[in-house]
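Since the structure comes first, as structure tokens, the remarks are kept for the end.
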Amino acid sequence: MAVCVEDRISSFPDPILCHILSFLPIKEAVRTSIISTKWRYLFASMSTIEFDACSMSGLTDRNIDSFKNFVDRLLKSPDQVRLDCFRLSHMICSWNDWNDGDHDFDISGWICAALCRGVKEIDLQLSYREDILPAVLFTCGSLVTLKLDAVGHNFKFPSDVCLGNLKTLHFRDSFFGDSVLRFISNCHVLEDLAFIECDFYTSEINIQTPSLKRFILDFNLGEFADLKYVVVINAPNLVYFQYTDAVAQGYTLSTMKSLEKAHIKICGFDTIDSQAIAAHLIQGICNVRSIRLSINEGIFRTSQLPIFHNLIEFEFLGRGFNGREIWLVKFLHRIPNLKTLTLNFPVVAGAQWKALEVPSCLSFHLKEIKNFMLQHTYD
């Protein structure tokens, strides 16, 4: 005897069903249209639309135009609900075989359609595509999050940028000149800014954003020898700061009184100039409460460093220089209130720890030591 199972999900209100569909890949969401007449057009009202490589799997020359027309209708229909998120993920590379003039994808038009629907988040992975971003993208009042990943792309931004509600701005694998700095200065409520594996061809990287709370400046260390610039950061309300680079030509950092956590990975030469310049970077984050420090040379002369009165968590990753135990102990003398110490670096057997003066923080405040050191012995 067949058992009749009640379909309780279909009794949910349409907005809840559309929200559920937003968590599905676009192919799976469209397939729900065969469940019943109630589900037939629900997928067209999803608030999150994502196209990735999986969306393109199985497409041939015979059905690629049908797919393009489907996307056009999905995004450009006049009766659509407002969009929360529009994402193109790893799809452009998959489309190179078809994007040959006979099958021209109107990606710029799709972005414009998402903007017309009041989209809040746009996440684009564009891989080697030139001049694909419409100018209206940079004057969209609804946009809160913008993420651009364009391998090898040289971004140039219009002068009339106005993104009054933009709070999150992430770039990856791209090149920038001065226009990006003007762009950022016009984002007056920006809170989260990231340059990940990016390069600049400008003499000064000047970030003047008082509203900023989270900032990642992660450069391609393999290219640092050819890039000469000064780093200027005015972000007094910063809570998180991540910096990866060689020692720059100079640093000017505003006092970051609200800084909770910093991750500094920096390499350079053990010279007087490098030590003095690198000290300016550390002086700018002297109020931090938790820091992860990774260095490959003794580029921080401890006598030039401030006292870190607020620092209670310290993780040290030292690579590529001898006598690190001497430098580390001297640095610990400048952290009087340290509570958690994490060590993660290779140690040569016979290091002279016992001959060094014990920092006061180890005797009075330290509560936990995490040791990930790799022991090495040499004949």
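No chain of hydrophobic side-chain contacts below 4.5 Å, direct or via other Ile, Leu, Val, Met, Phe, Trp or Tyr residues, connects Leu166 to Ile196. One hydrophobic cluster holds both Phe314 and Leu343 under the rule that ILVMFWY side chains link at heavy-atom gaps under 4.5 Å. Put simply, Leu281 and Val230 are part of two different groups of oily side chains (I, L, V, M, F, W, Y) that touch within less than 4.5 Å, one to the next. Put simply, Leu293 and Leu238 are part of the same group of oily side chains (I, L, V, M, F, W, Y) that touch within less than 4.5 Å, one to the next. Grouping the Ile, Leu, Val, Met, Phe, Trp and Tyr side chains by contacts below 4.5 angstrom, directly or via other members, places Ile295 with Ile282.
For the side-chain contact (heavy atoms from CB on, under 4.5 Å) criterion with Leu212, the lone passing option out of Val189, Asn237, Ile207, Ile233 is Ile207. Only one option out of Ile216, Ile285, Leu217 pairs with Tyr243 in a side-chain contact (heavy atoms from CB on, under 4.5 Å); it is Leu217. The side-chain contact (heavy atoms from CB on, under 4.5 Å) test with Thr168 singles out one residue from Leu193, Thr145, Leu190, and that residue is Thr145.
Taking 4.5 Å as the limit, every side-chain heavy atom of Arg334 sits out of range of all side-chain heavy atoms of Pro306. At least one side-chain heavy atom of Leu311 sits under 4.5 Å from a side-chain heavy atom of Val288. Here the side chains of Phe308 and Leu338 are not in contact, with every heavy-atom distance at 4.5 Å or above. Within the 4.5 Å cutoff, the side chain of Ile107 has no heavy atoms near those of the Leu124 side chain. You'll find the side chain of Ile264 reaches within 4.5 Å of the side chain of Phe241, heavy atoms only. A 4.5 Å side-chain heavy-atom check between Leu341 and Leu332 finds at least one atom pair inside the cut-off. Inter-residue side-chain proximity for Val136 and Cys112 is flagged as met; some heavy-atom pair is nearer than 4.5 Å.
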Side-chain donor-acceptor pairs under 3.5 Å in residues 175-185, sequence neighbours left out?
unit_1, atom_1, unit_2, atom_2, d
Asp178, OD1, Thr202, OG1, 2.4
Ser179, OG, Phe157, N, 3.3
Ser185, OG, Arg182, O, 2.6

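Note: Phe195 and Phe200 meet the aromatic proximity criterion, with ring centroids under 6.0 Å apart.
Nearest heavy atom pair, residue Leu115 against residue Cys140, reads CD2-SG, 3.6 Å. A pairwise comparison of heavy atoms in Ser142 and Val119 identifies OG-O, 2.7 Å as the closest pair. Leu137 approaches Leu163 most closely through the heavy-atom pair O-CD2, 3.5 Å. For Leu317 against Arg292, the heavy-atom pair with the smallest separation is CD1-NE, 3.5 Å. Contact detail for Gln242 and Asp218: the closest heavy-atom pair is NE2-OD2, 4.1 Å. Residues Met256 and Ala235 approach most closely at CG-O, 3.9 Å, considering heavy atoms.
There is a side-chain donor-acceptor pair under 3.5 Å between Asp192 and His170.
Atom CZ of Arg172 sits about 10.0 Å away from atom NZ of Lys147, to the nearest 0.5 Å. A distance of 10.5 Å separates CG in Asn287 from CD in Glu260, rounded to the nearest 0.5 Å. Here NE2 of His188 is found 7.0 Å from SG of Cys162. Values are rounded to the nearest 0.5 Å. The structure places CZ of Phe316 at 11.0 Å from CD1 of Ile291, a figure rounded to the nearest 0.5 Å. To the nearest 0.5 Å, atoms CG (Asp149) and OG (Ser174) are separated by 6.5 Å. Taking CG of Asp245 as the reference point, atom SG of Cys267 lies at 7.5 Å (rounded to 0.5 Å).
In this structure, Asn234 contributes its side chain and Ser254 its backbone to no donor-acceptor pair below 3.5 Å.
In this structure Asn165 satisfies the side-chain hydrogen bond (donor to acceptor under 3.5 Å, both in side chains) test with no other residue, sequence neighbours excluded. For the side-chain contact (heavy atoms from CB on, under 4.5 Å) test, residues two or more places apart in sequence or in another chain that qualify with His280 are Tyr251, Gln283.
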Checklist entry - Yes or no on side-chain contact (heavy atoms from CB on, under 4.5 Å) for Gln208 and Val232, after CA distance, side-chain angles and deciding distance? => result CA-CA 8 Å; Gln208 302 283 337; Val232 180; 3.7 Å; yes

